[in-house]
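What follows is one structure encoded as structure tokens, with my remarks underneath.
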Amino acid sequence: MCLVITLFAAIISTFIWYFNSNRSKYRLRIPCFIFWGASLMWFVDAVFEYAEMGAAFFSPSASDMLNDAYLGICCTAAGLFIWLIAFLIKDPDGVLKNILTKRP
């Protein structure tokens, strides 16, 4: 499940990156790299787990699927949080700078 969730996040972030003309302004390459890297990591993990478990890999228990789904959602949220921090540090329109330097 974590592979599927991060793969969907990677595909969605890639479409957003591809069709957005302000991709460098919003640093949209960061979530693409994060989610494609996570998908590659989960794919390699799945290959090695299949090599170890064989056909039992395709019939996980419900609790294993729930744990994997929770892990995939947490990894996706962490990737979006990292992108948000990087975006706020760059502050392309200077909104955060104006808020922080605004005198009462």
Joint cluster assignment, [X] & [Y], ILVMFWY side-chain distance < 4.5 Å:
X	Y	value
Leu28	Phe33	no
Phe58	Val4	no
Met41	Val47	yes

Separation of [Y] [atom2] from [X] [atom1] (nearest 0.5 Å):
X	Y	atom1	atom2	value
Leu3	Leu71	CG	CG	11.5 Å
Ile89	Ile85	CD1	CD1	6.5 Å
Tyr70	Cys75	OH	SG	10.5 Å
Ile12	Leu7	CD1	CG	10.0 Å
Thr6	Ile73	OG1	CD1	11.5 Å

Fellow cluster residues of Met65, listed by chain then number, with links counted only when side-chain atoms sit under 4.5 Å apart |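 Besides Met65, the cluster holds Met1.
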Compare every heavy atom of Ala9 with every heavy atom of Thr76, then report the nearest pair and how far apart it is.
->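 Minimum heavy-atom contact is CG2-CB, 4.0 Å.
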Test your reading of the model: is there a side-chain donor-acceptor pair from [X] to the backbone of [Y], 3.5 Å cut-off?
X	Y	answer
Asn98	Gly94	yes
Trp83	Arg27	yes
Arg23	Tyr18	yes

Verify whether one side chain among Trp36 and Ser13 offers a donor that lies under 3.5 Å from an acceptor in the other.
->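 No, Ser13 and Trp36 have no side-chain donor paired with an acceptor closer than 3.5 Å.
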Between Phe8 and Phe35, is the ring centre distance below 6.0 Å?
->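 So the answer is no for these two rings.
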So among Leu80, Leu88, Ile82, which one has a side-chain contact (heavy atoms from CB on, under 4.5 Å) with Leu84?
->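 By the side-chain contact (heavy atoms from CB on, under 4.5 Å) criterion, Leu84 pairs with just one of Leu80, Leu88, Ile82: Leu88.
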Are Tyr26 and Trp17 side-chain neighbours, meaning at least one heavy-atom pair lies under 4.5 Å?
->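 Heavy-atom side-chain distance check fails, nothing below 4.5 Å.
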Could you name each residue pair satisfying salt bridge (charged side-chain N to carboxylate O under 4.0 Å, His left out) that touches residues 83-99, not counting sequence neighbours?
->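 Listed by first then second residue: Lys25-Asp93.
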